[in-house]
Amino acid sequence: MVGYSPFDNATLRDHDHDYGWLLREEPVSLFQGYDPPFHILSRYDDVSAALRNIEVFSSHQGQGPRYTPPSGMVCDPPMHTLHRSLVQQAFSPGAIRALGPRVEAQTAELLDAVAGQAGFDIHDDFAFPLPVVIIAEMLGVPGEDIQQFKLWSDASVEAMGAEDPTPWLAELQALGAYILGQIRARRADSNPPDDLITRMVLAESDGVRLEDEAILGLVSQLLVGGNETTTSLITNVVWRLLEDRRLWEHIVAEPALIDRAVEESLRFDPPVLGLFRTTTRDVTVRGVHIPRGGKVMLHYAAANRDPAVFEHPDRFSLDRPPRKHLSFAIGVHVCIGQEMARLEARIALRALAARFPDLVLESRGERIKPFFLWGRRRLPVRRGGVYR
Ligand code: HEM
């Protein structure tokens, strides 16, 4: 083994192929196979410390491997503090709890649609539309456009991971034009609908209103960032449980275990394997020098397998004592949508287990492309498994 590569075929197939080696042998690893090259931090303590040290590990030049301008909440304070405060309320624990009945209804509608079929696709028919419909309603954009959101969302994440984003620019411009249209329609409306975009349009901080471009950054982050990830969470947890069908049978028999299954899936198969920061000065981590302006990947998925923190880290276990995984990050950028993602995944899994205890995996499907994300593009299942 010469070194860790996130692009290695075995790693692309099974993200956790090499974490043991990485954590043990090269906890601060320089990856030269990308332009620009980047360092990878993998140990739990190092990733946590970097997440807390925002003066040195900055988000102002993007959360992907390339340098990109600040946008939405991908930036440092004070811009970050202002932007986050504007949408925080919509994601408060009370606001998310209130979404429960709507998520239940949407879940039931999607499962009703496939109930008469011998087989269906967990990704296409269920895990993909569920979060898109919910966030579209919250923002106040028409839910019928979800196939279009899917194309835009794919383009955004592919562009974020690519050395050359040119092939996706037209899609990204179309997404931007669509959201700007939504913002301008509300500005022009004397009685705009009560939704999250309107609230951003009307929000004031010290008498200053947000410009269209700033709202555009926030809306696209919510519309794109939260969907692909929640889809992956639902798809990943169903996949792991069905792959070892004893686990599936366990949660069917004991639905109280579902919250644990979701949390263990987040630890074991994080939808976001890692994100990037840019150093604001030279810094040394475990004796390795990282120059100012260097890109650093904070490897959340590897940190979740650190044996210093998690016993038998490579085992998917429903009896794990609660311990904070890093799949939603920590610190000022901690995922604002984490309770929404948990709510949707728990409701989705509860409904699936209750209605289709006889589910069987047809195949493990194919992973989604960007190297720092982890999810299935499809997950075909069929009914008719024997339930003991
Ligand atoms: C399982 C699902 C999800 C995962 C794994 C996930 C993961 C993450 C991670 C790792 C971060 C930290 C970003 C960083 O390191 O710079 C983050 C931030 C964020 N997430 Fe999520 N997320 C999920 C669902 C959602 C949902 C449902 C929404 C909203 C609809 C959302 C909106 C955001 C936003 C706006 C931020 C930026 C927060 C900030 O920088 O202050 N996420 N998410």
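Order of listing sets the numbers, starting from 1, for every ligand and every atom in it. In this chain, numbering begins with 1 at the start of the sequence shown. Hydrogens, waters and symmetry mates are skipped; everything else that's a heavy atom, side chains included, is used.
- If you look at Glu344 next to ligand 1, there are no close heavy atoms at all, none under 4.0 Å.
- Counting protein heavy atoms only, atom 38 (C) of ligand 1 is closest to Arg84 NH1, 3.3 Å.
- Salt bridge status for Arg260 with Glu264: absent, with no side-chain N to carboxylate O gap under 4.0 Å.
- Close contacts of ligand 1 with Gly226, meaning ligand atoms under 4.0 Å from a residue heavy atom, involve 25 (C), 26 (C), 27 (C), 28 (C), 31 (C), 42 (N).
- We find that Asp194 and Arg199 are joined by a salt bridge, their nearest charged nitrogen and carboxylate oxygen being less than 4.0 Å apart.
- Side-chain N/O atoms of Ser48 and Asp45 include no donor and acceptor closer than 3.5 Å.
- Ligand 1 places these atoms under 4.0 Å from at least one heavy atom of Leu275: 13 (C), 14 (C), 15 (O).
- Near Gln63, meaning under 4.0 Å from one of its heavy atoms, ligand 1 places the atoms 13 (C), 14 (C), 16 (O).
- Interface atoms of ligand 1 facing Ile135, defined by a heavy-atom separation under 4.0 Å, are 30 (C).
- Contact annotation: for Gln221 versus ligand 1, heavy atoms closer than 4.0 Å belong to the side chain alone.
- Summary of contacts: the protein heavy atom closest to atom 41 (O) of ligand 1 is His80 NE2, 2.5 Å.
- You'll find the ring centres of Phe310 and His325 outside the 6.0 Å limit.
- Of the polar atoms of Tyr300, at least one N or O is found under 3.5 Å from an N or O of ligand 1, judged by distance alone.
- Taking every non-hydrogen atom of Leu233 and a distance limit under 4.0 Å, the qualifying atoms of ligand 1 come out as 1 (C).
- When hydrogens are left out, the protein atom nearest atom 33 (C) of ligand 1 is Ile336 CG2, 3.8 Å; that is the closest non-hydrogen contact.
- Atom 8 (C) of ligand 1 has as its closest protein heavy atom Cys335 CB, 3.7 Å.
- Checked for salt-bridge contact, Asp306 and Arg43 miss the test: no charged N lies under 4.0 Å from a carboxylate O.
- Counting protein heavy atoms only, atom 29 (C) of ligand 1 is closest to Phe91 CE2, 3.7 Å.
- For atom 10 (C) of ligand 1, the nearest protein heavy atom (residue, atom name, distance) is Ser327 O, 3.4 Å.
- In summary, Arg305 and Asp18 do not engage in a salt bridge, as defined by a charged side-chain N under 4.0 Å from a carboxylate O.
- Ligand 1 places these atoms under 4.0 Å from at least one heavy atom of Val332: 41 (O).
- Protein heavy atom at the shortest distance from atom 6 (C) of ligand 1 is Phe328 CD2, 3.7 Å.
- Under the 3.5 Å distance criterion, with hydrogens and angles disregarded, no donor-acceptor pair is assigned to the side chains of His80 and Ser59.
- Residue contact check for ligand 1: Arg277 places a non-hydrogen atom closer than 4.0 Å to it.
- By the 4.0 Å N-to-carboxylate-O rule, Arg240 lies too far from Asp244 to be salt-bridged with it.
- A salt bridge is absent between Glu55 and Arg281; no separation between the charged side-chain nitrogens and carboxylate oxygens falls under 4.0 Å.
- Taking every heavy atom of both residues into account, Glu158 and Lys369 meet most closely at OE2-CB, 3.7 Å.
- From the protein, the heavy atom lying nearest to atom 23 (C) of ligand 1 is Thr229 OG1, 3.4 Å.
- Using a 4.0 Å cut-off between a side-chain N of Lys or Arg and a carboxylate O of Asp or Glu, Asp124 and Arg376 do not qualify as a salt bridge.
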